[in-house]
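One-based numbering, in listed order, for ligands and for the atoms of each. Positions are given from 1 along the sequence.
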Amino acid sequence: MRIDIITVLPELLRSPFDESIIKRARARGIVEINIINLRDYSTDKHKSTDDYPFGGGAGMVMMIEPVYNCISHLTSHRSYDEIIYTSPDGTRFSQHLANELSMKENLIILAGHYKGIDQRIRDHLITREVSIGDYVLSGGELPAAVITDAIVRLLPGAISDAESALSDSFQDNLLAPPVYTRPAEFMGWKVPDILTGGNTPEIEKWRFEQSVSITRKKRPDLLGEES
Ligand code: ADE
């Protein structure tokens with residue numbers, strides 16, 4: 001899989017993809033992540049990517065021309081399944097959408113600036129707008145990192161224990177059960193006996209019951225129940 005992220009703040013995106021699971025997935029060739037500096041596609045001498053809004057008003061607006069040049073350059077080399085724009089007014093990101101996107105071959109994510117992106121980019125170049133939640137961030141870089149992380153960990157081989165991604169919270173509309181590690185007792189706080197008893201079917205049953213009861217308590221909406 002290939003994910004190309006277009007940004008005016010490339011430095012903000014380097015370290016999230018250079019650690020842990022994502023770093024390993026890149027090293028194994030499971031995913032290629034390219035961070036593309038939008039300024040490289042600006043044609044003016046100041047390398048600007050934004051300008052004043054027509055009609056006046058506060059703030060600057062991301063110009064269509066560099067974005068168009070950048071996307072045209074990318075699409076002239078390969079076809080993309082989706083060109084995603086991160087925005088608080090997009091479709092809410094979810095595990096379901098992460099699963100769907102993880103099955104694509106090539107993705108572009110445009111990390112934009114809310115309020116500040118020429119509407120024609122959204123109307124003509126973008127295939128999907130995605131929000132990571134009902135709050136406004138300073139830019140689309142962190143959302144782009146969140147979306148990429150959620151996708152990459154699902155790719156076959158990205159996580160050593162294949163089951164681990166499948167048993168994530170939300171994967172079956174249930175939150176994950178609690179987990180514990182050594183010591184079995186700390187300051188008098190004990191690990192549930194069932195987990196140290198070695199009875200695998202009973203442990204699986206306990207985990208499922210825990211998942212259901214935790215989901216009912218914390219997120220009844222996931223079970224189709226009223227909160
Ligand atoms: N850009 C700014 N805030 C955002 C959000 N919540 N989701 C996606 N993109 C954003």
For Leu137, take its heavy atoms, then give the atoms of ligand 1 lying under 4.0 Å from any of them. 2 (C), 3 (N)
Over 12 non-hydrogen atoms of neighbours within 6.0 angstrom of CZ in Arg28: yes
In ligand 1, the atoms that come under 4.0 Å of a heavy atom of Ser131 are 7 (N), 8 (C)
Close approach of Gly112 to ligand 1, heavy atoms, under 4.0 angstrom: no
Please check if atom OH in Tyr180 has more than 12 non-hydrogen atoms from other residues, nucleotides or ligands closer than 6.0 Å. yes
Please list all pairs passing the salt bridge (charged side-chain N to carboxylate O under 4.0 Å, His left out) test where one or both residues lie in residues 128-156, with sequence neighbours left out. Glu82-Arg128, Arg92-Asp134, Glu100-Arg128, Arg122-Glu129, Arg153-Asp168
Measure the distances from the heavy atoms of Leu142 to every atom of ligand 1 and state whether one is below 4.0 angstrom. no
Output the list of atoms in ligand 1 that are nearer than 4.0 Å to some heavy atom of Tyr135, sorted by atom number. 3 (N), 5 (C), 6 (N)
Contact region, Ser87 to ligand 1, non-hydrogen atoms below 4.0 Å, reads backbone
Which atoms of ligand 1 have any heavy atom of Val136 under 4.0 Å away? 3 (N)
Between Ile132 and ligand 1, does any nitrogen or oxygen pair lie at a separation below 3.5 Å? yes
Without hydrogens or angle criteria, can the side chains of Asn106 and Asp81 be said to hold a donor-acceptor pair below 3.5 Å? no
If we set the cut-off at 4.0 Å for heavy atoms, which region of Val130 has an atom near ligand 1: side chain, backbone, both, or neither? backbone
Under 3.5 Å, N or O to N or O, is Pro143 touching ligand 1 that way? no
Can you check whether Tyr41's main-chain N or O pairs, donor with acceptor, with Asn69's side chain at less than 3.5 Å? yes
Taking NZ, NE, NH1 and NH2 as the nitrogens, is one of them in Arg216 or Glu225 under 4.0 Å from a carboxylate oxygen of the other? yes
Look at the side chain of Ser42 and the backbone N and O of Ser48, then say whether any donor-acceptor pair between them is shorter than 3.5 Å. yes
